[in-house]
Structures are given as structure tokens and as C-alpha cells.
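When a ligand or atom number is given, it counts from 1 through the structure's own listing order.
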Amino acid sequence: MTDTHPAIRVSEIFGPTIQGEGVLIGLPTVFIRTGGCDYRCSWCDSLHAVDNQFRHEWEMMPIDAVWQTVVTLSGGRPVMVSLSGGNPAIQPFRALIERGHGEGYRFALETQGSVVRDWFADLDVLVLSPKPPSSEMRTDWATLEACVDAAQEKPQIVLKLVVFDESDYAYAKGAAERFPRLPVYLQPGNHTPPRPGNEDASVDLDGIMKRMEWLVEKVTGDRWFDARVLPQLHVLLWGNKRAV
Ligand code: SF4
């Protein structure tokens, strides 16, 4: 049978491993990392899936091929599939989600919320991760709100915010106030992110954990009792290693 659905631009598919951050932390997951992003965050930890100089590593894969890879990796047992990137919202995921749901799989997508898709309503989990000032990106709040609206309250929607400093923290509080019904997950930023081809470079875990402690003190000191503060578990376990 011919696959008539649009192909997906894939950087890598890997797993199962555990989800390292946010609302699904610790959950066994297969990751589909897409290639390409409309942002260029100063501290991006996935440049190999963002920067055009790595385009030759990306592959336009038909839905059938993407799905067969997921099924092979999971041994045919339904597992959570994380759609990440880059910005996975750029890619045409509707048909893949429909196919996976038919076989009992679940789908989470993480995006900065700069591109709206009506198939967000087909997801099981939508993680909106607008980027704070330290990223040097600007948030289009109206587009972020449109992402929430597109999901139509069907998937679980959460906010995940990376915090490096006081102004990021203030941004996170402002974002939470804009979306009072969404659970908020905060995580300390990794100031020694991987550089493509040099993923074995050491990560400053002490610095990250100091930022984590500071963040806990900020949240508790502010009596911000419905925020959750989590580290990036995969960074604690594997540093900057890729595809874990
Ligand atoms: S939005 Fe995410 S993938 Fe894109 S540049 Fe920023 S951190 Fe990297």
C-alpha cells in the first residue's frame, strides 16, 4: 500500500528510555526527534536537531517508516511516544498519531508554542514550553494561547519553564498567571549544554544543582505552592550524552 501522507523530517528516533523532565518524568518513552526549529535559543541543548548545518543528518521519512521504527524499538508493546525536536509542531503528525492510537500507543508533544496545529487536540499530552528571556527569544503570547485553544481541552496540557536567573523566574511567574488552569513545571537550565559532535563534554552538575536549590528556595519562599520543581533526570544520569 502506498503511504500518501506527508513525510516527517526526522533527526533521530530512539528509546525506549525514560522521559527525563516535566510531567512525564521517569516514564518509559520512545522519542521521535524532528529536524528544524523556528527558534534559536542561546542555550539550546538539541542543536543537532535545530541548526541547518546538521540538515544532512535529517531524513524525510514516510509515516510507515517512522511508525515501523517506533514499533521495532518498543517491541510492539504500546509505550508513550514523545514528539520532540527542534520544534515538532512544524511537522505533519496527524496521521502518525492516528495510527499509533489505533495500536494503543500514546503521544506527548513538547513545543515552545510558536506554531499552532489543530491536531494538538489528538495528543494525549501537550507540553508548552515558552522560552524565557535568557533564551534571547521573544514569546508571542497570542500564539501560545492559540495553541491552548487548538488543543480544545482534550489532551493534558502543562507549562514547562526553564529557569536560569531572576528574570527567567519572573517570566515563569508571569506565564503561570496567564494560564492559571495549567499545571506548571519548573526546571533549572543547563548552562553547559551539549555541542553537536562534542556530546561527551562534561556537564556542570554542581552548578545545575545549585540553581535547582536556588529555584526551590524561590518557589517555597514565594509560597508558590502549585509549581513543581524538577531537575532534568537524563542530565543527572548521563550528562550531555545524546539519544538517552
Ligand atoms: S525551541 Fe527548543 S529546540 Fe528550538 S532552539 Fe529553542 S531550545 Fe532548541
How long is the span from the CG atom in L215 to the OG1 atom in T220, to the nearest 0.5 Å?
->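 Answer rounded to 0.5 Å: 9.5 Å.
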Mind listing the protein N/O/S atoms less than 2.8 Å away from atom 4 (Fe) of ligand 1? Waters don't count.
->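 Short answer, with waters excluded from the count: C37 SG.
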N/O donor-acceptor pair under 3.5 Å between N240 side chain and V203 backbone |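 Absent.
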Taking R33 for its side chain and S11 for its backbone only, find out whether a donor-acceptor pair lies under 3.5 Å.
->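 Side chain of R33 to backbone of S11, a donor-acceptor pair under 3.5 Å: no, none is there.
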Can we call the ring centroids of W119 and F107 under 6.0 Å apart?
->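 No.
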Carefully, step by step, assess D118 and Q152 under the rule side-chain contact (heavy atoms from CB on, under 4.5 Å).
-> CA-CA 9 Å; D118 56 2; Q152 299 176 45; 5.8 Å; no
In chain order, what residues pass the salt bridge (charged side-chain N to carboxylate O under 4.0 Å, His left out) check against E166, with sequence neighbours excluded?
->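 Once residues adjacent in sequence are excluded, the partners of E166 under the salt bridge (charged side-chain N to carboxylate O under 4.0 Å, His left out) criterion are K218.
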